[in-house]
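Written below as structure tokens is the structure these notes are about.
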Amino acid sequence: MEKFYKDTFEFSDETKKYALSRIKSILTALGCSYSCTYCYVSSLIDNLREAYSEVGVRPPSIIQDRLLETVIQEGEEILALDDIYGVKTTAVFDQADISLNNMKWWDQLKNQWLDRVRIPFYIQARPAMLAGKKGKERIEMISDKGLVAGISMAIESGNPKIRKLLLDRHENNNTILDAIHNVKDSNIPLRTQSIIGLPVLRPSQVVNPIQSKLSLIDKDGEEFYYDDPIQESLTCLELVCTSNFGKEDYYWNALYSPFPGTPLGDYAVAAGFADDDTDAHAYQFTTDSGLTCFSGITLKRQIAFSQTSNFFAHFKNGKDLMVLFLYGNNEFQLSDFAEFVETRAEFFKPHERPTQFGIISNIDRNMLLNFFDEAYPDTEKRFKSINIKLVDYYMALLDGLVLAAKIADKYYEYKEQEKEFTLADLYRVERIHYYDNSYNMAYIPERFENFLRPLIHDSRAPAMRTG
Ligand code: SF4
């Protein structure tokens with residue numbers, strides 16, 4: 001670990017960021033026993049099964065916990081590196097595909113980690129691991145004494161049939177809701193994950209069963225295709241909107257891009273939804289659909305969905321609001337979104353649970369309006385008026401005033417570079433704002449420190465950095 005950070009620090013200015021980052025990575029376990037069709041892990045499991053099929057022996061488990069002492073020593077190395085590079089690491093991201101497989105292991109790790117390292121983990125877990133009585137016990141164990149600062153949980157689709165038939169994920173919606181409920185009971189920031197633009201259309205050609213066995217027709221012959229793929233994306237948003245999702249929680253999403261060799265990637269090609277062009281597709285979730293079957297207004301809506309769904313997830317009626325936004329507009333520029341927020345605010349039904357997170361809690365509209373007066377002089381009238389229209393956007397999200405300041409900061413940075421600030425930029429700043437909170441890296445932008453600092457009442461304020 002030390003060598004990695006030393007090498008990357010010395011290699012270039014660009015790679016210095018790894019050592020200087022306040023979030024570091026650790027692996028608590030290797031492998032995963034699930035076989036989600038969009039993930040490269042499923043191909044590893046298939047390969048293993050195939051390799052062992054003729055030997056008559058069960059393939060070995062591909063999940064391995066790492067040695068406890070090794071993980072703790074890596075934590076101590078991170079602390080030592082902090083001294084060398086003059087940073088304070090605030091969270092370690094557990095890069096295990098899924099954490100919490102082995103609770104005995106976590107139980108043994110806990111006290112030693114808290115004694116010797118004390119940096120909170122950020123973990124990824126499956127809904128089934130977080131749901132029910134067992135899930136509650138798991139979450140209570142890891143949330144105690146701040147061992148875990150945040151949890152990321154993939155849902156992918158809100159339609160159980162799509163999850164099962166297309167993604168090979170078998171939890172039902174109640175399990176997902178129960179998992180969210182348990183996480184929120186322990187007051188840990190949650191990041192739900194969904195995929196937008198899955199290949200849910202009826203295939204334009206007959207799928208060759210040699211190329212792919214996936215199908216959206218179940219064993220009773222019932223079909224689950226969508227004519228409008230947006231309707232499928234809305235199912236996950238609706239599910240999360242009905243949960244007790246809080247202000248501190250983030251609705252992460254990405255547009256689907258097929259990875260060749262995965263069952264879903266092969267299906268997308270066999271169904272005529274994607275080119276069989278391995279060079280064109282890396283395993284990545286992109287800002288544009290990786291499928292060729294979406295175009296025109298559908299593609300525009302998918303991108304707008306991706307850029308605004310975290311905002312809508314924070315309302316009980318977020319799905320209906322998203323429908324109004326996507327089907328009531330043909331263009332989805334920042335000004336269109338701001339116009340929507342201003343004119344439809346009376347219909348917004350926010351979740352009422354107060355949050356304990358954020359640097360400047362309990363803001364009101366006047367505080368935002370005063371900030372816009374401070375941040376935007378007459379020369380910036382246009383962007384100021386967009387921000388005024390966005391007041392209910394800031395009110396709905398975590399630490400809205402600090403978010404408004406980060407947006408203003410980025411706006412001025414772009415202005416110097418003669419770049420326009422777009423809806424995609426709003427989405428990016430908003431996403432990083434949520435990451436900052438879940439990795440204990442919340443900060444106020446230096447440019448607005450004089451205005452914002454007197455408003456901080458949070459007990460964590462003295463530790464807050466500006467940046
Ligand atoms: S997506 Fe996650 S849970 Fe599914 S197979 Fe891949 S690593 Fe495992």
Side-chain angles (χ1 to χ4, degrees), residues 25-51 59-66 93-103 105-106 121-132 134-135 138-139 142 148 150-173 175-176 178-180 183 190-200 212-214 233 236 239-240 250-268 281-286 290:
S25 292
I26 269 193
L27 257 176
T28 60
L30 303 168
C32 170
S33 56
Y34 294 95
S35 50
C36 309
T37 57
Y38 49 89
C39 175
Y40 70 98
V41 166
S42 59
S43 9
L44 297 182
I45 294 176
D46 280 351
N47 291 347
L48 207 64
R49 271 198 208 116
E50 213 172 288
S61 165
I62 69 158
I63 307 183
Q64 288 172 25
D65 298 317
R66 292 190 63 228
F93 194 101
D94 181 8
Q95 295 285 355
D97 288 321
I98 37 169
S99 311
L100 309 188
N101 257 311
N102 184 346
M103 284 317 286
W105 187 94
W106 278 90
F121 280 94
Y122 190 92
I123 62 163
Q124 310 181 77
R126 295 272 309 206
M129 289 177 167
L130 304 171
K134 275 253 168 289
R138 280 194 172 102
I139 298 165
I142 54 166
V148 166
I151 300 179
S152 178
M153 181 185 84
I155 302 173
E156 317 302 20
S157 170
N159 180 339
K161 284 290 185 184
I162 297 292
R163 284 203 303 273
K164 183 173 170 198
L165 296 173
L166 202 63
L167 308 178
D168 200 10
R169 294 180 65 101
H170 298 264
E171 294 104 349
N172 62 42
N173 280 355
T175 303
I176 292 169
D178 199 41
I180 299 178
V183 175
L190 176 68
R191 188 185 306 162
T192 56
Q193 301 190 341
S194 72
I195 306 176
I196 294 174
L198 285 167
V200 292
S212 175
K213 293 195 174 48
L214 285 189
S233 301
C236 190
L239 184 64
V240 171
Y250 184 67
Y251 188 88
W252 187 95
N253 75 86
L255 282 135
Y256 176 66
S257 188
F259 182 54
T262 56
L264 192 58
D266 292 345
Y267 171 75
H281 308 299
Y283 174 60
Q284 58 186 9
F285 290 109
T286 56

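First listed ligand is number 1; within each ligand, the first listed atom is number 1.
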Legend entry - Salt-bridge contact Glu171-Arg126 (side-chain N to carboxylate O under 4.0 Å): yes
Legend entry - Leu198 side chain reached by Glu156 side chain, heavy atoms, under 4.5 Å: no
Inset, instruction - Kindly compute the distance separating CZ (Arg169) from OH (Tyr34), expressed to the nearest 0.5 Å. - result: 8.5 Å
Inset, instruction - Quick one: look at Arg126 and ligand 1, take heavy-atom pairs under 4.0 Å, and tell me if it's side chain, backbone, both or neither. - result: side chain
Inset, instruction - Mark up the atoms of ligand 1 that fall under 4.0 Å of a heavy atom belonging to Cys39, in ascending order. - result: 1 (S), 5 (S), 6 (Fe), 7 (S)
Inset, instruction - Measure from atom 4 (Fe) of ligand 1 to every heavy atom in Ser35, Ala125, Cys36 and give the option owning the shortest one. - result: Cys36
Inset, instruction - With heavy atoms under 4.0 Å as the rule, classify the contact between Cys32 and ligand 1 as side chain, backbone, both or neither. - result: side chain
Inset, instruction - For Asp178 and Thr175, test the side chains for any donor-to-acceptor distance below 3.5 angstrom and give the result as yes or no. - result: no
